[in-house]
There are 2 protein chains.
Amino acid sequence: MGGRRAQKSRGAWIAAAGEALARGGIEAVAVEPLARALGVTKGSFYWHFADRRALLDAVLEAWQRVGTEGIIERVEAKGGDAADRLRTLWQLASAEAGLDVEMAIRDLAARDEHVAEVVAAVDRRRMDFVRARLRELGFDAGEVEARGFACYSLIIGNHFIGVGHGRRSRRRVIADAFEILLTR
Amino acid sequence: MGGRRAQKSRGAWIAAAGEALARGGIEAVAVEPLARALGVTKGSFYWHFADRRALLDAVLEAWQRVGTEGIIERVEAKGGDAADRLRTLWQLASAEAGLDVEMAIRDLAARDEHVAEVVAAVDRRRMDFVRARLRELGFDAGEVEARGFACYSLIIGNHFIGVGHGRRSRRRVIADAFEILLTR
DNA sequence: ACCTGAACACCGTTCAAGT
DNA sequence: ACCTGAACACCGTTCAAGT
């Protein structure tokens, strides 16, 4: 939080690293190839960042902002009642360009305490949003937690689970599941 | 699929790679460190495998076996009615040692067609199991698909979502969610 | 303030040579 | 049949030197 001066190419490194992470996963966030792509020597990387890990942390921080307030603001802008807003949330979440980045970051979180904390903060923020909507629908605390976790699992599961549904569309299956979870 | 002769140390490479994948993610599956751990030179690796990618494929294949038939056999062995079996499934799935491996593999699947196909086959096998149990509970095809996907999302979401539930336990929250999904 | 260039250690891959 | 050892290319990191 606060105090970073906007150096011209620090942001360029972070953007390039984010794209590499989306395209090729963690292994593609490699200093030398990134330097080549940016048209500088890899030596210059170490002016902006302590090491590769610091670059990953910067990508993580950017993802945190976009993955919480970014998406929630867009849901609120679209409007509708509580159930509409939850449906909008998963639609935006599933259309998101940052899905592959999110996947890679959740994988990192499995083995890195700091990454896990950031992911937990993002999940907390999103779950709080889901909980608030379910409360508006009149569910009690226990129901809010069970149905809320199931709704959020649906959103996460949607891009992690690689299964087909016969002639039914995934969109339809999830809409039906939401219907069950949003109805008493 | 048959035809492989059981070379003494091929299996040792695969086991070591699996442990490295669980412990340190994809980047930890590195030929030279693995060779050091196994007490051989990295040059010898290339007798057993074409390249690093082939080692990863072998780990993937092993995961596929354990992640489908392995877990399903244990659920069937434990017994109970359809709802009991679904609850056993997520209990075993969440206690599983291979969770970190599964996470890493799902991350790889986001960018690799072949990995994605194997993950899809695993998801299909598990979802078929879930579907069959829901059919036994008397749900029609549409309900089976919606509730089944939500149940499976719960199982997957459980180890991907890093959120707390106040004084409620995760175990309790998921049990409640299952209750909702298994009840008309 | 930001970058280059050279250096070094480490890892992926190849291959001729050993047993 | 299985492994070693040396070689080479590539990437992470450091640092003295440039502008």
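Note that these values count all heavy atoms, side chains included, but never hydrogens, waters or copies made by symmetry. Letters A, B, ... are given to chains in the order of the sequence lines, protein chains preceding strands, and every chain is numbered from 1.
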Colleague: Can you say whether the rings of A/F178 and A/W90 are parallel (under 30°), tilted (30 to 60°) or perpendicular (over 60°)?
Modeller: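 A/F178 and A/W90: parallel rings.
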Colleague: Please give, in whole Å, the distance from D/dA1 P to B/W13 CH2?
Modeller: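 Those two atoms, CH2 and P, are 19 Å apart.
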Colleague: Less than 4.0 angstrom from a charged side-chain N to a carboxylate O is my criterion; do B/E102 and B/R106 meet it?
Modeller: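 Here B/E102 pairs with B/R106 in a salt bridge, since their nearest N and O are under 4.0 Å apart.
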Colleague: Does the side chain of A/R36 get closer than 4.0 angstrom to OP1 or OP2 of D/dC11 through an N or O atom?
Modeller: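 For A/R36, the contact criterion (side-chain N or O under 4.0 Å from OP1 or OP2 of D/dC11) is met.
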Colleague: Starting at CG of A/L34 and ending at P of D/dT13, how long is that distance when rounded to a whole Å?
Modeller: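 Going from A/L34 (CG) to D/dT13 (P), I get 13 Å.
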Colleague: Does a salt bridge link B/R85 with B/D81, judged by any charged N lying under 4.0 Å from a carboxylate O?
Modeller: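 Between B/D81 and B/R85 there is no salt bridge, as every charged N stays at least 4.0 Å from the carboxylate O atoms.
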Colleague: Which of the following nucleotides, D/dG12, C/dT13, D/dT13, is nearest to the side chain of B/K42?
Modeller: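 Nearest listed nucleotide: C/dT13.
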Colleague: Strictly below 4.0 Å: does B/H48 bring a side-chain N or O up to OP1 or OP2 of D/dC3?
Modeller: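 Affirmative; the distance criterion is met.
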Colleague: Output the rounded distance in Å from CZ (B/R10) to P (D/dA1).
Modeller: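 Going from B/R10 (CZ) to D/dA1 (P), I get 15 Å.
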Colleague: Identify which nucleotide among C/dC11, D/dA1, C/dT4 has an atom closest to any side-chain atom of B/W47, counting heavy atoms from C-beta outward.
Modeller: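 When the side chain of B/W47 is considered, D/dA1 is the closest of C/dC11, D/dA1, C/dT4.
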Colleague: Looking only at side-chain N and O atoms, does B/S9 come under 4.0 Å of OP1 or OP2 in D/dA1?
Modeller: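 For B/S9, the contact criterion (side-chain N or O under 4.0 Å from OP1 or OP2 of D/dA1) is not met.
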Colleague: Could you tell me the separation between the CG atom of A/D51 and the P atom of D/dT13, rounded to a whole number of Å?
Modeller: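 The distance from CG of A/D51 to P of D/dT13 comes to 5 Å, rounded to the nearest Å.
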Colleague: Are the charged groups of B/E27 and A/R52 less than 4.0 angstrom apart, N to O?
Modeller: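 Result for this pair is yes, salt bridge flagged.
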Colleague: Could you check B/T41 against A/R52 and say which one's nearest nucleotide on DNA chain D is further toward the 5' end?
Modeller: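 Nearest-nucleotide comparison on DNA chain D picks B/T41.
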Colleague: If C/dA1 has a Watson-Crick or G-U wobble mate with both distances under 3.5 Å, name it; if not, just say none.
Modeller: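 With both distances under 3.5 Å, C/dA1 matches D/dT19.
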Colleague: Hunt down the Watson-Crick or G-U wobble partner of D/dC8, both distances under 3.5 Å, from any strand shown, or write none.
Modeller: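 Paired with C/dG12.
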Colleague: Does A/Y46 have a side-chain nitrogen or oxygen under 4.0 Å from the phosphate oxygens OP1 or OP2 of D/dT13?
Modeller: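 The answer is yes; a side-chain N or O of A/Y46 sits under 4.0 Å from OP1 or OP2.
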Colleague: To the nearest Å, give me how far apart CD (A/E32) and C1' (C/dC3) are.
Modeller: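 The distance from CD of A/E32 to C1' of C/dC3 comes to 16 Å, rounded to the nearest Å.
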Colleague: Specify the separation, in whole Å, of atom CZ of A/F45 and atom P of D/dC15.
Modeller: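 The distance from CZ of A/F45 to P of D/dC15 comes to 16 Å, rounded to the nearest Å.
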Colleague: Is the closest basic N to carboxylate O distance between B/E179 and B/R184 below 4.0 Å?
Modeller: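 Salt bridge between B/E179 and B/R184, a charged N being under 4.0 Å from a carboxylate O: no.
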